[in-house]
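Structure, as structure tokens:
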Amino acid sequence: MRRLSICFMIFLVWAPVAHAVCTGSGTNWNCTEGSTIAQINSAIASSADGATITLANGAYSWNSSLVFSVAKSTTLIAESVGGCTVSVG
């Protein structure tokens, strides 16, 4: 029993940490909380014309601005109204 408890505690310490990421294709993209400006810019660049990129509810801290292409239409929305807080600085 003691060995099982020690193994469980080690697992908790080394459990994988969820990383922010943007995933999708074509016109549907989703970004997890905390996605970086680089990840979101990459999603914008990789998306098709008319794409919607949905930001998961939560906090985002960016050190620069988003880059939108004038060659295609891209919509950036929050998962729910008032669900995202973005700080740039």
Side-chain angles (χ1 to χ4, degrees):
M1 183 67 167
R2 180 176 167 93
R3 177 180 258 183
L4 180 61
S5 296
I6 290 171
C7 289
F8 182 70
M9 287 189 297
I10 290 171
F11 173 76
L12 287 177
V13 171
W14 282 319
V17 176
H19 294 284
V21 66
C22 294
T23 58
S25 63
T27 59
N28 295 308
W29 288 78
N30 295 291
C31 297
T32 59
E33 178 183 4
S35 292
T36 66
I37 195 75
Q39 292 167 321
I40 295 172
N41 278 331
S42 179
I44 292 170
S46 300
S47 66
D49 185 34
T52 298
I53 299 173
T54 304
L55 300 179
N57 290 337
Y60 297 81
S61 180
W62 301 334
N63 57 5
S64 62
S65 300
L66 292 171
V67 178
F68 287 94
S69 169
V70 295
K72 61 183 174 182
S73 169
T74 304
T75 303
L76 189 67
I77 63 171
E79 187 175 24
S80 65
V81 175
C84 292
T85 302
V86 177
S87 59
V88 179

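Note that the structure is predicted; figures quoted are calculated from it, not measured. Values below: all heavy atoms of this structure, side chains included; hydrogens, waters and symmetry mates excluded.
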*Interatomic distance, Thr27 atom OG1 to Lys72 atom NZ [nearest 0.5 angstrom]*: 11.5 Å
*Side chains of Ile37 and Val88: closer than 4.5 Å at any heavy-atom pair?*
no
*Just grab all the disulfide bond (SG atoms under 2.5 Å apart) pairs involving residues 29-64, residues at least two apart or on different chains.*
Cys22-Cys31
_Restricting to non-hydrogen atoms, name the atom on Gly34 and the atom on Tyr60 that form the minimum distance, rounded to 0.1 Å._
N-CE2, 3.4 Å
_For Asn28, side chain to side chain donor-acceptor pair (under 3.5 Å) partners two or more places apart_ = none
*To the nearest 0.5 Å, how far apart are CD1 in Ile53 and CD1 in Ile44?*
4.5 Å
Distance-only donor-acceptor hits, side chain of residues 61-71, under 3.5 Å, sequence neighbours excluded:
unit_1	atom_1	unit_2	atom_2	d
Trp62	NE1	Ser35	O	3.1
Ser69	OG	Ala71	N	3.0

*Check side chain to side chain donor-acceptor pair (under 3.5 Å) between Thr74 and all other residues, then give those that pass, not counting sequence neighbours.*
none
_I'd like to check the disulfide (SG to SG under 2.5 Å) partners of Cys84; sequence neighbours left out, ordered by chain and number._
none
*For the residue pair Ala56 and Glu79, what are the closest heavy atoms and their distance?*
CA-OE1, 3.6 Å
*Nearest heavy-atom neighbours spanning Gly24 and Trp29*: O-CH2, 3.3 Å
_Show every disulfide bond (SG atoms under 2.5 Å apart) that has at least one partner inside residues 36-66, sequence neighbours left out._
none
*asked:* Nearest 0.5 Å, please: how far is CG in Asn30 from OG1 in Thr54?
replied: 5.0 Å
